[in-house]
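Below you'll find the structure, written out as structure tokens, and then a few comments.
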Amino acid sequence: MKDDCIFCKIAAGEIPSNTVYEDDSYRVILDLGPAARGHALILPKEHYADIYELPDDKAGEVFRLAKKMAGRMKSALGCDGFNVVQNNGEIAGQTVFHFHMHLIPRYENDGQKIGWTPGEPSQEELQETARIIREEN
Ligand code: AMP
Ligand code: ZN
């Protein structure tokens, strides 16, 4: 647990939250500034700043939990769609530097936009980018 980390404190139950699920390793809470009704955050109880620090076995666990919660939330809330979002780094929109995964139920006419402006790279650029990533290990 990291001393000055608010999500460590919430995950440990030291700061109250609207918890929708808890087990030994995770707490799932409602986001205080929801994009839509039911917007929740999966918080590991251990501190990892971001996806790079998250251990491989935790990565699998987190996504399994996301799937379980998505099913429960769809049934409970009757949402029409579902976004799973996970931000890393300030430029990517991360504001709390304790790994978390957003579970965002979506509703017809909820007025939210989660997305990006599509680029228009050439085939050469796409091929070069693919090569650079492929050759990294
Ligand atoms: P991110 O921008 O991906 O780092 O997401 C941080 C999220 O945490 C935002 O959606 C905030 O609304 C939410 N948040 C920040 N503090 C709290 C808190 N104390 N309880 C619940 N959600 C919070
Ligand atoms: Zn933390």
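Hydrogens, waters and symmetry mates are skipped; everything else that's a heavy atom, side chains included, is used. If you read the sequence from its start, that first residue is 1, and numbering goes on from there. Every number for a ligand or one of its atoms is a count from 1 in the order of the listing.
Using a 4.0 Å cut-off between a side-chain N of Lys or Arg and a carboxylate O of Asp or Glu, R64 and E61 do not qualify as a salt bridge. A salt bridge links K45 with E22; the closest basic N to acidic carboxylate O contact falls under 4.0 Å.
Distances between N or O atoms of Q94 and those of ligand 1 include no value under 3.5 Å. Among the atoms of G93, some N or O lies under 3.5 angstrom from an N or O of ligand 1. For the pair V96 and ligand 1, the shortest N or O to N or O distance falls below 3.5 Å. Looking at H39 next to ligand 1, no N or O pair under 3.5 Å apart turns up.
Note on ligand 1: F97 sits outside its first shell, no heavy atom being nearer than 4.0 Å. Not a single heavy atom of V85 sits less than 4.0 Å from an atom of ligand 1. Heavy-atom separations between I10 and ligand 1 include at least one value shorter than 4.0 Å.
Atom NZ of K74 has 12 or fewer heavy atoms from other residues, nucleotides or ligands within 6.0 Å. For D57, the CG atom is densely surrounded, since the number of other residues' heavy atoms within 6.0 Å is greater than 12.
Close approach of ligand 1 to H102 (heavy-atom distance below 4.0 Å) involves ligand atoms 1 (P), 3 (O), 5 (O), 7 (C), 10 (O). Within ligand 1, counting atoms from 1 as listed, the ones closer than 4.0 Å to a heavy atom of L30 are 21 (C).
Shortest distance from the Zn ion (ligand 2) to H47 is reached at ND1 (N/O/S atoms only). The N, O or S atom of H98 with the smallest distance to the Zn ion (ligand 2) is ND1.
Distance check: H39 NE2 to R106 CZ gives 10.5 Å after rounding to the nearest 0.5 Å. The distance from the CZ atom of F99 to the CD atom of Q94 is 9.0 Å, given to the nearest 0.5 Å.
Of the protein's heavy atoms, F7 CZ, 4.1 Å lies nearest to atom 14 (N) of ligand 1. Atom 4 (O) of ligand 1 has its closest protein heavy atom at T95 N, 2.7 Å. The protein atom (non-hydrogen) at minimum distance from atom 1 (P) of ligand 1 is H100 NE2, 3.1 Å. Taking atom 20 (N) of ligand 1 as the reference point, the nearest protein heavy-atom neighbour is L32 CG, 3.4 Å.
Using a 4.0 Å cut-off between heavy atoms, Q86 makes no contact with ligand 1 at all. Contact annotation: for F99 versus ligand 1, there are no heavy atoms closer than 4.0 Å. Under 4.0 angstrom from ligand 1, the non-hydrogen atoms of D31 come from both its backbone and its side chain. At a heavy-atom distance under 4.0 Å, only side-chain atoms of I29, from C-beta outward, approach ligand 1. Contacts between L41 and ligand 1, counted as non-hydrogen atom pairs separated by less than 4.0 Å, involve the side chain only.
Side-chain polar atoms of Y107 and N109 form no donor-acceptor pair below 3.5 angstrom.
A ring-centre distance under 6.0 Å is found for H100 and H102.
Put simply, the side chain of D80 gets close to the backbone of E108: a donor and an acceptor are under 3.5 Å apart. The backbone N or O of F7 sits nowhere less than 3.5 Å from a side-chain atom of H47 that would complete a donor-acceptor pair. Judged by distance alone, the side chain of N88 and the main-chain N or O of I51 form a donor-acceptor pair under 3.5 Å.
M73 and Y21 fall within the same hydrophobic cluster, where Ile, Leu, Val, Met, Phe, Trp and Tyr residues are linked whenever their side-chain heavy atoms come under 4.5 Å apart, directly or through other members.
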